[in-house]
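Contents: one structure, followed by commentary.
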Amino acid sequence: MTSPSTRPVRTRYAPSPTGPQHIGGIHTALFAWLYARRHGGQFILRIEDTDQKRSVPGSVDLILQALDWLGMDIDEGPREGGEFGPYVQSERLALYQTWAAELVERGRAYKCFATPEELAEMRKLGAGYDRRYRDFPADRVSELEAQGLPFVIRFKMPLGGVTIGDDMIRGPVEFDNEQLQDAVLLKSDGYPTYHLAHIVDDHHMRISHVIRAIEWLPSFPLHIQIWRALGWNMPQYAHLPVLLNPNGKGKLSKRKQQFAEADGKNVPVLMHEFIDAGYLPGAVMNFLTNIGWNYGDDVEIFSTAQAIKRFDLKNVSLANSAYPIAKLDWLNSQYIQRAPADELCRLLKPILEAAGYAVDEKRLRQVIPLLRVRLKSTRDVAPMAGFFFADWASFEAPSADILIQRKMNRDSTADVLRGAMPVLQELESFSHDAQHSAVAAYAKTIGYKNGQVFGSLRAAVTGQKVSPPTFETMEILGKKESLRRVKLALQSISDSET
RNA sequence: GGCCCCUUCGUCUAGCGGCCUAGGAUGCCACCCUUUCAAGGUGGAGACACGGGUUCGAGUCCCGUAGGGGCUACCA
């Protein structure tokens, strides 16, 4: 008998292949993964496709893609292989059937011939399955079987007494056995239910810790009884709190994505939505790790490696959490600020290209320092700095409403721009510092605030209401192009005069 | 309905009987900085669901109430 606590740590994520990955599932996977990594154990991916009706093709790729993107490496799974495979339940049917038969043999389970109609009738009466085949005479069972009637195998749940489960997070939890039904273990199509399949697999795959969502807690006693009936050593179980909708009402769903709490913004819920929205994997990991668990020391920003060093199920929160999506934007901007230039370059380039710009990497690298503190998401790069990568020759001067800054009007703007041209023209170095001092001096001479002058120039050369700073931008554009744009701006203003 | 789990600022959370006049973060507001937008800095409003116990002492332990979540399938 190996005591659970001394077994090598092996945790698993066991999703059903029902389509795009939901952030809630990933959150659960993350905690199982963190636990495995914290204890130098293995993390296993197992596909639970025992419901043929719900399986959707391509799901496994989506699951893999999500885990890969976040950097959650898998030790054993359908892609990786491993000595306890196959890791897809539909490929292990014989195993489940064997153990289901074994339980029948041992008198711990029985064949049930109740039809769906009968079951529906019983449900209507309110009490659920009435155990009518639990003590059915053996000869009658053979008779029905001989007639070819379909049947399921049900577990014989103890009729009385209590089952006490030990949850790693909340301690002992007690259940009255009479509350539980005789659950189906093997369906009439020969596929197992979750109840049977996860136990058979967790046993054969040597899982040491079953880390799953709290919705499984009510069936925990059933699982404990099945483990006992099978005569196997149980792994330890931990039931994790789940993500609620941002308003705290109901489990986080992929449907209701509009929430007033999120400023009407579309709330990302599916993994691909995080990728598409321009979040960094590190930020998403940091974000998820901070829900239901915390790093300590009042530290909010930490790497996955740091989290692994401290992660413990003991201080996982007991309560479900409203999905704190607003924090992700903040975290993401923090991650962008700290990201190495190489990484930003790699991330931003395809986004700019997708927006139709031809990206010169050298120029991108010049622009990145200007973007760092301005991007909440990598997506923001195109509207903010796309103009750097557009064809300069076809730059169109902005309209007067963009050019005219606060506390400025048509005439003052034209005067300021016209006067700035020779100042810039005479500069030997076109560095932003040199420009700054020259233009500041110029502003003083003509009696304008820096903001009025700088702002007018900025609008003239960027053509945008919101943009990177003036002189840094002009430095990158170069003297010639900058002056050309100022001239175009003057033209635009005079054209607009009616 | 029955059963199970949960309950600290709007939200994510710290707190594991005295260190709490309850800490951090986000969001919000104000001010500072400032060349737009940001970033950054400073400050502010903001919570122990309620009622009983236990104890010299309760956010921390127990019970109840209320509220929230989940389960109650031949779905996971």
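Just so you know, these numbers come straight off a predicted model, no measurement behind them. Below, read A as the first sequence line, B as the second, and so on, with proteins coming before strands; counting in each chain starts at 1.
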| Atom CG of L318(A) to atom P of rC4(B): distance rounded to whole Å? |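 Roughly 17 Å, once rounded to whole Å.
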| query | How many Å lie between NZ on K124(A) and C1' on rG1(B), as a whole number? | reply |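 After rounding, the gap between these two atoms is 18 Å.
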| Spacing of the P atoms in rC19(B) and rA58(B) (rounded, Å) |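 Going atom to atom, P in each nucleotide, I get 11 Å.
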| Separation between the C1' atoms of rC48(B) and rG43(B), rounded to whole Å |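 Those two atoms are separated by 25 Å.
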What's touching nucleotides 21-26 of chain B from the protein side, N or O pairs under 3.5 Å?
from, atom 1, to, atom 2, distance (Å)
rG24(B), O4', D298(A), OD2, 3.4
rG24(B), O2', D298(A), O, 3.3
rG24(B), N2, E300(A), OE2, 3.4
rG24(B), N3, E300(A), OE2, 3.4
rA25(B), O4', E300(A), OE2, 3.1
rA25(B), N3, K327(A), NZ, 3.1
rU26(B), OP1, W330(A), NE1, 3.2

| remark: With sugar-phosphate taken as primed atoms, P, OP1 and OP2 and all else as base, the protein-contact string of nucleotides 68-76 of chain B at under 4.0 Å (heavy atoms; B, S, -) is SSBSSSBBB
| Just by distance, do the side chain of S188(A) and the backbone of V152(A) share a donor-acceptor pair under 3.5 Å? |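 Flag not set: sc S188(A) to bb V152(A) has no pair under 3.5 Å.
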| query | Does H239(A) offer a backbone N or O that forms a donor-acceptor pair with the side chain of D167(A) under 3.5 Å? | reply |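 Yes, the answer is positive, given that a donor and an acceptor are paired below the 3.5 Å cut-off.
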| query | Does the separation of the ring centres of W216(A) and Y237(A) fall below 6.0 angstrom? | reply |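 Not close enough - the centres of the two rings lie 6.0 Å or further apart.
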| Mutual orientation of the aromatic rings belonging to F151(A) and F113(A) [parallel < 30°, tilted 30-60°, perpendicular > 60°] |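 Answer is tilted, since the angle falls between 30° and 60°.
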Base partner of [N], which must satisfy Watson-Crick or wobble distances under 3.5 Å:
| N | result |
| --- | --- |
| rU65(B) | rA49(B) |
| rU26(B) | rG10(B) |
| rC31(B) | rG41(B) |

| query | Is the shortest side-chain N to carboxylate O distance from K187(A) to D189(A) below 4.0 Å? | reply |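 Salt bridge absent between K187(A) and D189(A).
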| task | Quick one: pull up CD1 in I368(A) and CG in L364(A) and give me the separation to the nearest 0.5 Å. | result |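 It comes to 5.0 Å.
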